Structure formats: C-alpha cells, structure tokens
Number of protein chains: 2
Amino acid sequence: MRNFPEPEVFHADCPSQRVLDTIADKWSVIVIYSLSQQETRRYSELQRMIGGISQKMLTQTLRKLERDGLVERHVYPVVPPKVEYSLTPLGMTLTELLKNICQWAQAHWDEIETARVHYDEKGDR
Amino acid sequence: MRNFPEPEVFHADCPSQRVLDTIADKWSVIVIYSLSQQETRRYSELQRMIGGISQKMLTQTLRKLERDGLVERHVYPVVPPKVEYSLTPLGMTLTELLKNICQWAQAHWDEIETARVHYDEKGDR
DNA sequence: CGGCATCCTAGAGGATACTG
DNA sequence: CAGTATCCTCTAGGATGCCG
C-alpha cells in the first residue's frame with residue numbers, strides 16, 4: 001500500500017474513497033438506519049417502512065450492503081419464503097455515525113429549506 | 001407540517017429525506033471534510049486536493065452546498081479572480097459527523113474490500 | 001483564476017410483468 | 001413473499017471549448 005501524505009480519502013486511487021461511494025448514498029443510509037432500530041427486518045417490512053424506495057432499489061441496496069459485509073441475509077427454507085436482514089458487527093460500527101446523520105437531517109431540514117428559498121429568490125432577480 | 005408517527009426520514013414526502021439527497025453524497029462529504037480542516041479554501045486548492053473530482057462536479061457541489069446554507073462563497077474583486085470558500089455555522093454543525101464518516105471509511109476500507117472479494121468468489125462458483 | 005455553456009454517453013433508476 | 005427480468009426514460013457526470 002502506498003504511503004499517502006494527506007488523508008487517503010482525498011485520493012482517487014484509494015479504496016477509502018470507493019467506500020464512500022457505498023455508504024454516502026441516501027438509500028444505504030436509510031436502510032442501515034432502519035436495521036439499527038431492530039435486530040432483524042424482513043424484506044417487505046423494509047419496503048413498507050421506507051417511503052419512496054422502489055423494489056429494485058431496495059434489493060440493489062441490500063445486495064450492495066451484503067457484499068460489503070455490512071448486512072447479513074438469512075433465508076428461511078419455508079413457503080411462502082421468509083428472508084430476514086440484519087446488521088453484521090462491522091455494520092454496527094457504522095450505525096451510530098449514520099444515526100447521527102439521520103438525526104441531523106431531521107433536526108436541520110427546516111434551516112436548509114429556508115436557505116434554499118433565500119438563495120433561489122436572490123438568483124431569480 | 002404533518003405529524004409523523006415514525007421518524008420522518010422514512011417518509012418520502014418529508015424534507016429530511018431530501019436533505020439526505022444533499023449530504024449523503026460522496027463529493028459533498030469530501031468537500032465539507034476538506035473545508036473543515038482549514039478556515040477557507042480557494043477553488044483551485046479544492047480541485048487540487050480532491051483527487052478524481054471534475055471541475056464540473058466541484059462547481060456543482062459547491063453551488064449546492066452554498067444553496068443549502070452549508071458553505072459560504074466569498075469573491076474578491078481582484079484580477080486574476082480569487083474566490084474563497086468556507087463553512088457556515090450550520091455547515092460546521094455537520095462537520096464532526098462527516099469527519100467521523102471519512103475516518104470510518106479510512107479505518108475500515110480493507111475489511112470491506114475483503115468482504116467484497118469473498119462475496120464475489122462465492123457467486124462466481 | 002474560476003468559472004459557465006454545450007455536447008454526449010453510460011448507467012441510474014422507475015414501471016411492469018413474471019416466478020420459485 | 002421475495003425477489004428476477006425486461007424495457008424504457010432520464011439524468012449524472014465526463015470532455016471540451018470559451019469567457020470575464
């Protein structure tokens with residue numbers, strides 16, 4: 001591994017920037033946030049509670065998180081099928097950080113909306 | 001405003017989810033991270049230190065963050081032009097959280113790479 | 001120096017239909 | 001129930017060129 005003079009996240013050829021591609025994603029943040037609230041969740045449960053997510057994006061996000069070792073998928077051999085998702089230990093180390101982000105979003109969205117209106121009004125003149 | 005029974009971030013029609021569209025973005029995270037390390041930074045300085053970002057994305061990200069009231073843009077009326085960017089007080093409330101994310105990415109990227117290789121090997125068989 | 005305007009293309013992501 | 005498969009649209013985002 002190269003020895004970077006600056007924080008590695010600034011370097012395009014460093015894997016830590018690729019990691020950001022995964023977790024700095026709206027749906028990933030929300031899915032992990034959801035899984036952090038309860039031990040396990042079923043597919044349909046996630047779909048129901050996350051507003052605005054399409055089935056395609058949910059599946060895709062879950063696969064990506066599973067591939068990255070953040071989420072675990074457990075299939076029960078029953079009919080009708082039952083699949084449960086949960087966080088891995090690695091995923092759990094991330095939850096606190098993402099929970100903070102979600103809470104920040106919920107706490108400050110109004111200030112941002114105000115700033116946007118303000119900014120747009122200035123530009124329209 | 002409606003009264004949401006669950007955390008608002010789960011609701012498609014709630015602004016806090018729209019906020020995530022802004023800050024849960026790779027370049028936004030890195031730009032804010034960069035601005036958190038130093039009082040102000042010039043445009044070219046940001047471009048130089050953030051590997052892999054195009055000029056278009058840098059400008060676009062900075063505009064978005066400015067519109068959202070997270071970043072301030074200061075133009076000096078000199079020639080050649082000089083423009084400095086800095087965080088607003090609101091932006092600063094976010095830096096700690098995003099710094100944590102970047103540091104997490106730098107600390108755990110190797111585990112994620114390993115998980116990916118493992119996952120891909122399983123699937124290829 | 002710090003942009004904006006334009007063109008262009010790969011891929012994101014929705015809608016719909018089908019299946020073990 | 002928990003997906004996969006297909007199609008189709010739209011936009012993110014790179015490359016290039018120009019400007020105050």
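Note on naming: letters A, B, ... go to the chains in the order of the sequence lines (proteins, then strands), and numbering restarts at 1 for each one. On a predicted model such as this, the values are computed, not experimentally measured, just so you know.
A:Leu58 places its CG atom 8 Å from the P atom of D:dG3, with the value rounded to the nearest Å. Distance, A:Tyr85 OH to D:dC1 P: 15 Å, rounded to whole Å. Here C:dG3 presents its P atom at 7 Å from CG of B:Leu62, a figure rounded to the nearest Å. As a whole-Å value, the separation of A:Met57 CE from D:dT4 C1' is 16 Å. The nearest whole Å value for the distance from the NZ atom in A:Lys64 to the C1' atom in C:dA12 is 11 Å. Straight-line distance from the CD atom of B:Glu84 to the C1' atom of C:dC1: 13 Å, rounded to whole Å.
A:Asp68 is linked by a side chain to side chain donor-acceptor pair (under 3.5 Å) to A:Thr22, B:Arg116, counting only residues two or more places apart in sequence or in another chain. In terms of the side chain to side chain donor-acceptor pair (under 3.5 Å) criterion, residue partners of A:Arg67 (sequence neighbours excluded) are, by chain and number, B:Asp120. The ring pair (Phe, Tyr, Trp, His ring centres under 6.0 Å) test applied to A:Tyr33 returns B:Phe10, not counting sequence neighbours. In terms of the side chain to side chain donor-acceptor pair (under 3.5 Å) criterion, residue partners of A:Glu111 (sequence neighbours excluded) are, by chain and number, A:His108. Partners of A:Thr88 by side chain to side chain donor-acceptor pair (under 3.5 Å), not counting sequence neighbours: none found.
You'll find that the side chain of B:Pro81 is closest to C:dG2, out of C:dG20, D:dG3, C:dG2.
DNA chain D lies under 4.0 Å from no heavy atom of any residue of residues 66-79 of chain B. Looking at residues 19-52 of chain B, you'll see B:Arg42, B:Tyr43, B:Ser44 sit with a heavy atom under 4.0 Å from some atom of DNA chain C.
Using a 4.5 Å cut-off between side-chain heavy atoms of Ile, Leu, Val, Met, Phe, Trp and Tyr, with links allowed through other members, A:Trp109 and A:Val117 fall into different hydrophobic clusters.
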What pattern of brackets, bars and dots sums up DNA chain C from 5' to 3', given Watson-Crick or G-U wobble pairs under 3.5 Å, [ ] for crossing pairs and | for another strand?
||||||||||||||||||||
Check nucleotides 15-19 of chain C for protein N or O atoms closer than 3.5 Å to its own N or O atoms and list the pairs.
none

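For residues 93-103 of chain A, the side-chain hydrogen bond (donor to acceptor under 3.5 Å, both in side chains) pairs, not counting sequence neighbours, are A:Thr93-B:Trp104, A:Glu96-A:Lys99.
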Identify each donor-acceptor pair in which a side-chain atom of residues 72-83 of chain B lies under 3.5 Å from a protein atom, sequence neighbours left out, and give them as a table.
unit_1	atom_1	unit_2	atom_2	d
B:Arg73	NE	B:Tyr85	OH	3.2
B:Tyr76	OH	B:Glu84	OE1	3.0

Identify all side-chain donor-acceptor contacts of residues 51-59 of chain B below 3.5 Å with residues at least two apart in sequence or on another chain.
unit_1	atom_1	unit_2	atom_2	d
B:Ser54	OG	B:Met57	N	3.2
B:Thr59	OG1	B:Tyr43	OH	2.8
B:Thr59	OG1	B:Gln55	O	3.0

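B:Gln60 and B:Arg63 form no side-chain donor-acceptor contact under 3.5 Å, judged by distance and modelled atom types alone.
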